[in-house]
Amino acid sequence: MSDVNTSEVKLFFLIGIPGFEHTQRRLSIPICLTYLIAILGNCTILLVIKTETSLHEPMYYFLTMLALSDLGLSLSSLPTMLRIFLFNAPGISPDACFAQQFFIHGFTLMESSVLLIMSFDRFIAIHNPLRYSSILTTARISKIVLVLAIRSFLLVLPLPLTLKRLSYCHKNLLSHSYCLHQDVMKLACSDNRVDVVYGFFVALCTMLDLACIALSYLLILKTVLGIASLSERLKAFNTCVSHICAVLIFYVPNMTLAAMHRFAKHKSPLIMVLIANIFLLVPPLMNPIVYCVKTRQIREKILGKLLSTCGR
């Protein structure tokens with residue numbers, strides 16, 4: 001950990017869970033199971049939507065994007081998490097670290113964008129159900145998907161480039177089990193104001209997505225309250241429950257971690273690591289479960305495939 005610049009840095013060092021260094025091998029079991037269930041769950045969602053023509057509708061196309069974002073988040077963090085907890089190998093080269101944080105932030109923005117467009121999808125379905133199919137055509141959905149993907153990765157493209165130009169002195173110990181932009185830039189001993197400002201701008205884009213989601217639900221609530229029948233109100237609002245759960249599961253740890261990085265002066269390393277791990281482990285795990293439980297069409301198709309497989 002000598003006084004060197006980025007061209008001479010050989011390794012950054014990630015950490016496991018502070019205070020549990022001697023039990024990390026055992027902790028790898030639930031972590032591996034979480035990754036396995038998350039990957040299998042999201043792959044199942046993708047397979048069911050692809051093979052069932054009755055699910056080729058806007059809502060399920062957006063659910064496909066959500067599952068792809070979750071898979072991206074899981075696969076982006078999986079290598080370093082397994083190296084730390086299974087093999088006690090916390091070292092990571094600067095280039096690999098910069099690449100990892102690019103994909104993690106890229107898929108995070110992608111998931112935020114998908115949750116935003118899913119909230120608009122629910123608003124259109126409730127506010128104007130007769131024109132739903134004509135508004136969200138396959139061509140429009142394809143354009144939306146393309147724009148979201150380009151927007152997400154173009155926004156985070158400068159992050160690894162700005163990190164690479166910084167100099168790092170004395171410290172190369174990171175505070176998570178994977179690389180994050182806000183974590184790496186704090187190790188720099190050169191001027192990192194560009195990184196701070198741009199990182200805050202990217203965080204604001206995520207917060208803007210959340211604000212637009214909140215606005216969508218205000219409009220949904222206004223529409224639902226205008227429905228005369230109580231049973232119809234409950235039925236309309238019930239179609240949003242899965243999405244509301246996905247929003248809470250994603251944004252609560254995301255915003256908590258961002259706030260702690262930027263504003264907390266005396267933060268607990270253990271709490272930081274736990275929230276960071278929840279941020280990447282829980283949404284990919286819980287989203288398939290929530291949508292399978294709350295979406296009848298998905299649940300019936302999955303159960304049907306399981307029963308037909310078992311009956312052979």
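Just so we're clear, the structure is a prediction, and the values are computed from it rather than from any experiment. Hydrogens, waters and symmetry mates play no part in the numbers below; they use all other heavy atoms, side chains included.
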**Student:** Side chain to side chain contact (heavy atoms under 4.5 Å, CB included) for C292 and I45? Distances and angles first, verdict last.
**Tutor:** CA-CA 8 Å; C292 286; I45 293 284; 4.0 Å; yes
**Student:** State, without any angle test, whether Y61 and S142 hold a side-chain donor-acceptor pair at a distance under 3.5 Å.
**Tutor:**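 The criterion, which ignores hydrogens and geometry beyond distance, is not satisfied for S142 and Y61.
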**Student:** Could you check if a side-chain atom of N277 sits within less than 4.5 angstrom of a side-chain atom of Y178, using non-hydrogen atoms only?
**Tutor:**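 In short, these two side chains touch, coming nearer than 4.5 Å.
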**Student:** Mind checking whether L136 and E57 have side chains closer than 4.5 Å, heavy atoms only?
**Tutor:**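 Not touching, per the 4.5 Å side-chain cut-off.
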**Student:** Take I15 and I84 through the side chain to side chain contact (heavy atoms under 4.5 Å, CB included) test and state the conclusion after the steps.
**Tutor:** CA-CA 7 Å; I15 64 171; I84 291 169; over 6 Å; no
**Student:** Should L219 and H127 be marked as a side chain to side chain contact (heavy atoms under 4.5 Å, CB included) after you check the CA-CA gap, both sets of side-chain angles, and the distance that decides it?
**Tutor:** CA-CA 9 Å; L219 295 174; H127 181 72; over 6 Å; no
**Student:** Under a 4.5 Å cut-off applied to non-hydrogen side-chain atoms, are H105 and L180 in contact?
**Tutor:** yes
**Student:** Of the options L73, T206, L116, which is the one that meets E111 in a side chain to side chain contact (heavy atoms under 4.5 Å, CB included)?
**Tutor:** L73
**Student:** I'd like to check N287 versus L63 (side-chain heavy atoms, cut-off strictly below 4.5 Å). Are they in contact?
**Tutor:** no
**Student:** Please name the pair of heavy atoms, one in I227 and one in R233, separated by the smallest distance, quoted to 0.1 Å.
**Tutor:** O-NE, 2.7 Å
**Student:** Would you name the heavy atoms of L46 and T64 that are closest together and state the gap between them?
**Tutor:**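 Distance-wise, the nearest heavy atoms are CD2-CG2, 3.4 Å.
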**Student:** Is there a path from L280 to L174 through hydrophobic residues (I, L, V, M, F, W, Y) whose side chains come within less than 4.5 Å of each other?
**Tutor:**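 In one cluster with L280: L174, yes.
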**Student:** Have Y60 and T295 got a donor and an acceptor in their side chains that come within less than 3.5 Å?
**Tutor:**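 No donor-acceptor contact under 3.5 Å links the two side chains.
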**Student:** Using the six-membered ring wherever Trp is involved, compare the ring planes of F201 and Y198 and label them parallel, tilted or perpendicular (cut-offs 30° and 60°).
**Tutor:**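 Correct class here is tilted.
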**Student:** On a heavy-atom basis, which atom in A236 and which in V224 lie closest, and how many Å separate them?
**Tutor:** CB-CG2, 4.2 Å
**Student:** Return yes if some donor-acceptor pair links the side-chain N/O of S28 with the main-chain N/O of L86 below 3.5 Å, else return no.
**Tutor:** no
**Student:** Is it true that the side chains of Q100 and S77 contain a donor and an acceptor less than 3.5 Å apart?
**Tutor:**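 S77 and Q100 do not have a side-chain donor-acceptor pair below 3.5 Å.
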**Student:** Given 3.5 Å as the limit, does a donor-acceptor pair link the side chain of T80 with the main chain of S177, or not?
**Tutor:**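 Such a contact is found between T80 side chain and S177 backbone.
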**Student:** For the residue pair S134 and R140, what are the closest heavy atoms and their distance?
**Tutor:** O-NH1, 3.2 Å
**Student:** Quick one: does N172's side chain have a donor or acceptor within less than 3.5 Å of a partner on F13's backbone?
**Tutor:** no
**Student:** Just to verify, what does V196 make a side chain to side chain contact (heavy atoms under 4.5 Å, CB included) with, not counting sequence neighbours?
**Tutor:**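 Scan of V196 (side chain to side chain contact (heavy atoms under 4.5 Å, CB included), adjacent residues dropped) gives M185, N192.
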**Student:** Looking at every non-hydrogen atom in both residues, tell me the closest pair between P283 and I249 and how far apart they are.
**Tutor:**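 Result for this residue pair: CA-CG2, 3.5 Å.
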**Student:** How is the hydrophobic cluster of L36 composed, in terms of its other members, when Ile, Leu, Val, Met, Phe, Trp and Tyr link through side-chain heavy atoms under 4.5 Å apart, directly or indirectly?
**Tutor:**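 Noted: L36 shares its cluster with L40.
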**Student:** Are M65 and V145 close enough, and set up right, to give a side chain to side chain contact (heavy atoms under 4.5 Å, CB included), and what steps lead you there?
**Tutor:** CA-CA 8 Å; M65 288 186 62; V145 169; 3.1 Å; yes
**Student:** Could you list who else is in I29's hydrophobic cluster, with ILVMFWY side chains joined at under 4.5 Å, directly or through other members?
**Tutor:** L33
**Student:** Residues in salt bridge (charged side-chain N to carboxylate O under 4.0 Å, His left out) with R151, at least two apart?
**Tutor:** D209
**Student:** How close do P253 and I278 get, counting heavy atoms only, and between which atoms?
**Tutor:**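 For P253 versus I278, the nearest heavy atoms are CB-CG2, 4.1 Å.
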**Student:** Inspect the surroundings of CZ in R25 and state if more than 12 heavy atoms from other residues, nucleotides or ligands are less than 6.0 Å away.
**Tutor:**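 No, the 6.0 Å shell around CZ holds no more than 12 heavy atoms from other groups.
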**Student:** State plainly whether one hydrophobic cluster holds both F120 and L208, where clusters connect Ile, Leu, Val, Met, Phe, Trp and Tyr through side-chain heavy atoms under 4.5 angstrom apart.
**Tutor:**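 In one cluster: no.
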**Student:** Atom CG of L285 and atom OG1 of T34: how far apart are they, to the nearest 0.5 Å?
**Tutor:**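 So the gap between those two atoms works out to 5.5 Å.
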**Student:** First locate atom CD1 of I124, then atom CZ of R131, and finally report the distance between them rounded to the nearest 0.5 Å.
**Tutor:**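 One finds 9.5 Å between CD1 of I124 and CZ of R131.
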**Student:** Nearest 0.5 angstrom please: D70 CG to L75 CG, how far?
**Tutor:** 10.5 Å
**Student:** Looking at CD1 of I135 and CD1 of I141, how far apart are the two atoms once the value is rounded to the nearest 0.5 Å?
**Tutor:**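 Separation between the atoms: 11.5 Å.
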**Student:** Looking at side-chain heavy atoms only, is the closest gap between S74 and L78 below 4.5 Å?
**Tutor:** no
**Student:** May I ask you to decide whether D195 forms a salt bridge with R165, counting only side-chain N to carboxylate O separations under 4.0 Å?
**Tutor:** yes
**Student:** The criterion is side chain to side chain contact (heavy atoms under 4.5 Å, CB included); which residues satisfy it with A125, sequence neighbours excluded?
**Tutor:** R122, Y132
**Student:** Would you call F153 and F107 a side-chain contact if the rule is heavy atoms closer than 4.5 Å?
**Tutor:** yes
**Student:** Please confirm whether Y217 and F123 have ring centers closer than 6.0 angstrom.
**Tutor:** no
**Student:** A side-chain contact here means heavy atoms from C-beta on lying under 4.5 Å apart; do L157 and F102 qualify?
**Tutor:** yes
**Student:** Under the 3.5 angstrom rule, does the side chain of N42 hit a backbone N or O of L71 as a donor-acceptor pair?
**Tutor:** no
**Student:** Out of the candidates H243, M286, Q297, only one should pair with Y291 under the side chain to side chain contact (heavy atoms under 4.5 Å, CB included) rule; please name it.
**Tutor:**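 The side chain to side chain contact (heavy atoms under 4.5 Å, CB included) with Y291 is passed solely by H243 among H243, M286, Q297.
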**Student:** Does the side chain of Q101 come within less than 4.5 Å of L163's, by heavy atoms?
**Tutor:**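 When only atoms from C-beta onward are counted, Q101 and L163 do touch, with a gap below 4.5 Å.
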**Student:** Between CE of M118 and CZ of F62, what distance do you get to the nearest 0.5 Å?
**Tutor:** 8.5 Å
**Student:** Answer with yes or no whether the hydrophobic clustering places L204 together with L257; edges join I, L, V, M, F, W, Y residues whose side-chain heavy atoms lie under 4.5 Å apart.
**Tutor:**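 Yes.
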**Student:** Is F12 reachable from F87 through a run of I, L, V, M, F, W or Y residues, each pair having side-chain heavy atoms under 4.5 Å apart?
**Tutor:** yes
**Student:** If you round to the nearest 0.5 Å, how far is CG of L187 from CG of L173?
**Tutor:** 8.0 Å
**Student:** Any disulfide (SG to SG under 2.5 Å) pairs touching residues 19-82, not counting sequence neighbours?
**Tutor:** none
**Student:** Answer yes or no: are there more than 12 heavy-atom neighbours, outside M207 itself, under 6.0 Å from its atom CE?
**Tutor:**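 Counting neighbours around CE of M207, 12 or fewer heavy atoms of other residues, nucleotides or ligands fall under 6.0 Å, so no.
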**Student:** What about F103 and M81, same hydrophobic cluster or not, with Ile/Leu/Val/Met/Phe/Trp/Tyr joined at side-chain heavy-atom distances under 4.5 Å?
**Tutor:** yes
